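One structure below.
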Amino acid sequence: MSYFDELAFQYIDGEWRAGTGSWDIVDFNPYDGEKLASITVAGVDEIDQAYRAAERAQKQWGATNPYTRRLVFERALRVVDEREAELAAAITAECGGTAVKAAFELHLVREFLREALHLALRAEGRILPSPDDTKENRLYRLPVGVVGVISPFNFPFLLSIKSVAPALALGNAVVLKPHQNTPICGGGLVAKVFEEAGLPAGVLNVVVTDIAEIGDALIEHPVPRVISFTGSDKVGRHVATVAASHFKRTVLELGGNSALIVLDDADVDYAVDAAVFSRFIHQGQVCMAANRVLVDRSVEAEFTEKFVAKVKTLKVGDPGDPATHIGPLINAGQAEAINTLLDQTVADGATALLRGTTSGTLVAPSVLTGLPADSPILTQEIFGPVALIIPFDGEEEAVRIANATPYGLSGAVHTGDVERGVRIAKRIDTGMIHVNDGTVHDEAIVPFGGEKHSGVGRLNGDAMVDVFTTTKWISIQHGRSRFPF
């Protein structure tokens, strides 16, 4: 029995069960169209049951000694190690992830589980002074209670674990809704790992469903106090609006339109390598991907020639083949959208230095240059294998172009002078930016998040404590207060 047969269910209160919704989500392999699973969606009743189970289980879980909670994450790490081959195969089959992508995702999953071990002990309180000599002020860090997590399709196992693990480590219970294109990697696998690790029933629940079935029930439900959402800015805006109307906190990790800047003193060969990886990892379906490659005009010709030559060497095909660099997009609709965007951009005046062909969900890389200044593609997120090369004259123009987007997630600056790179990096309106490196990075202890339409709040490290705990002030009067009446 494969993971897909075993996990094609809802996971509520420690039980694997069928949903009672009105239709089925059919899970397909994006490369060959093979049916992987069919899952009857959860209805509003299951959403309520999941949240109520979480609410009940959280009381004991939150009161559990954090050293005891840590043991679950130690065992979860062992499960991931023992099941590595199966997990990688699932990522390839359901996400179209290449061997490089699957290895990258599983490496980061381990890092976030290791960080959860430490987070369990980091909900530290404080004692603050009082103007009253006989009064003591204590600040306690307590779990928020129940957290709702909504994860995307591109790195589903990682981006579910990224919120689920710290929320659990800090004493919360979780209801997780994976993306409908990746219900197993984003949901079932997460539940299975923690089930095998000994997490008590009800502390983690997984509901596979869609807004078409449940509306906003996942966000509006009275039990969750925090909603962690990773996905598009369009959906993120809706999540934030609904959550705010119900006085819930949100952390939103949204889209990007990152710029990788190549200055006149950069190591061109190295910059080419960084740009190709940053643009084409997982077919460009990465929020941190380098949508725009900005190149100083003095090195534009050399960079462009070498960049196009390297892109031509990328192998497009079966993600199960270890030699493949570019696998399928998540579905045919996404492939069609990328082709439409390419056709429109070229019709508007851009030059295609490389125009990739499309076969089903396989979209070969394209490289565009000569884009009109008002081209819509310059300001939007491109979730596919399309690179834009944009020349600039000097640092000021580079900064202006980099900031000419509603997004601000990641970025990179390549230069022979590190401090020059840092000075420019500080001027880019983005939550994360890297000097002499790629744009795609995530480290478990470093705050992760964006500016502008790229999100609200930060994840990772100590930021997780701020997101998934609440502060309670308890004062103690050791003497006697005097009241005016």
Side-chain angles (χ1 to χ4, degrees), residues 1-8 11 27-37 39 73-116 151-165 176 178-179 181-197 206 208 230 277 280-289 314-331 361-362 385 440-444:
M1 178 181 288
S2 73
Y3 266 137
F4 296 97
D5 296 320
E6 184 180 356
L7 305 179
Y11 183 71
D27 191 14
F28 291 104
N29 180 317
Y31 172 65
D32 59 16
E34 177 191 358
K35 179 181 174 180
L36 301 173
I39 306 172
F73 300 95
E74 290 178 2
R75 292 192 291 265
L77 271 166
R78 289 198 294 271
V79 172
V80 171
D81 286 339
E82 292 164 2
R83 302 271 193 155
E84 180 174 12
E86 292 169 274
L87 293 169
I91 290 169
T92 294
E94 189 176 55
C95 310
T98 63
V100 169
K101 189 267 189 183
F104 181 63
E105 185 162 4
L106 290 174
H107 163 71
L108 285 175
V109 164
R110 290 186 180 91
E111 290 299 301
F112 280 97
L113 288 172
R114 290 188 184 101
E115 175 62 8
S151 64
F153 69 78
N154 56 341
F155 280 77
F157 190 43
L158 166 64
L159 295 178
S160 291
I161 290 284
K162 182 171 178 163
S163 285
V164 168
L176 165 64
H179 194 280
N181 284 130
T182 50
I184 302 302
C185 289
L189 287 181
V190 179
K192 187 65 174 174
V193 166
F194 280 108
E195 182 183 54
E196 292 187 9
V206 175
V208 178
T230 305
F277 176 82
F280 295 108
I281 178 66
H282 195 41
Q283 297 76 262
Q285 299 174 122
V286 183
C287 56
M288 296 173 281
L314 300 180
K315 181 179 179 180
V316 180
D318 183 356
D321 180 350
T324 295
H325 300 100
I326 306 287
L329 295 183
I330 192 63
N331 55 45
T361 54
L362 288 176
V440 181
H441 292 285
D442 196 356
E443 297 182 13

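Everything numeric here is computed off the predicted structure, so don't read it as measured data.
Residues F157 and L106 meet the side-chain proximity criterion, which asks for heavy atoms closer than 4.5 Å. Side-chain contact between I161 and V190 is present, with at least one heavy-atom pair separated by less than 4.5 Å. Using a 4.5 Å cut-off on side-chain heavy atoms (C-beta onward), I91 and L189 make no contact. For the pair S163/S151, no side-chain contact is recorded, criterion being any heavy-atom separation below 4.5 Å from C-beta on. Using a 4.5 Å cut-off on side-chain heavy atoms (C-beta onward), V208 and P178 make contact. In this structure, the side chains of F153 and N331 stay at 4.5 Å or more apart for every pair of heavy atoms. Residues E105 and C185 have side chains not in contact (no heavy-atom distance under 4.5 Å, counting atoms from C-beta outward). At least one side-chain heavy atom of D442 sits less than 4.5 Å from a side-chain heavy atom of F112.
Heavy-atom neighbours of E443 CD from other residues, nucleotides or ligands within 6.0 Å: at or below the threshold of 12.
Going from atom CD1 of I281 over to atom NZ of K101 covers 8.5 Å, rounded to the nearest 0.5 Å. In this structure, CD on E115 lies 12.5 Å from CG on L108, to the nearest 0.5 angstrom. Separation of atoms CZ (F104) and CZ (F277) is listed at 5.5 Å; rounding is to 0.5 Å. Rounding to the nearest 0.5 Å gives a distance of 11.5 Å between OG1 of T182 and CG of L36. The CD1 atom of I326 sits 10.0 Å away from atom CG of L362, with the distance rounded to the nearest 0.5 Å. Distance check, rounded to the nearest 0.5 Å: OG of S160 to NE2 of H179 gives 11.5 Å.
Of all the heavy atoms in E94 and I184, the pair that sits closest is OE2-N, 3.1 Å. Annotation for P385 and L329: closest pair CD-CD2, 4.0 Å, computed over non-hydrogen atoms. Heavy atoms only, all atoms of each residue included: K192 and E6 are closest at NZ-OE2, 2.9 Å. The nearest pair of heavy atoms linking N181 to D27 is O-OD1, 3.4 Å. Nearest heavy-atom pair, P30 versus G96, reported as atom, atom and distance to 0.1 Å: CG-N, 3.7 Å. Across all non-hydrogen atoms, the minimal contact from L113 to A165 is CD2-CB, 4.2 Å.
Residue K315 forms a side chain to side chain donor-acceptor pair (under 3.5 Å) with just one option from D321, T324, T98, and that option is D321.
Without hydrogens or angle criteria, N29 side chain to E34 main chain gives no donor-acceptor distance under 3.5 Å.
For the pair K35 and F4, the cation-pi test (distance below 6.0 Å, angle within 45°) is failed.
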- Message: Assess the residue pair R83 and E196 against the criterion (side chain to side chain contact (heavy atoms under 4.5 Å, CB included)); give the C-alpha distance rounded to whole Å, side-chain angles, the decisive distance to 0.1 Å, and a yes or no.
- Response: CA-CA 11 Å; R83 302 271 193 155; E196 292 187 9; 2.6 Å; yes
- Query: Stepwise, does the side chain to side chain contact (heavy atoms under 4.5 Å, CB included) test hold for I330 with Q283?
  - Reply: CA-CA 9 Å; I330 192 63; Q283 297 76 262; over 6 Å; no
- Task: Quick one: do H282 and F155 satisfy ring-ring contact (aromatic ring centres under 6.0 Å, His included)? Show the steps, please.
- Result: CA-CA 9 Å; H282 195 41; F155 280 77; 5.6 Å; yes
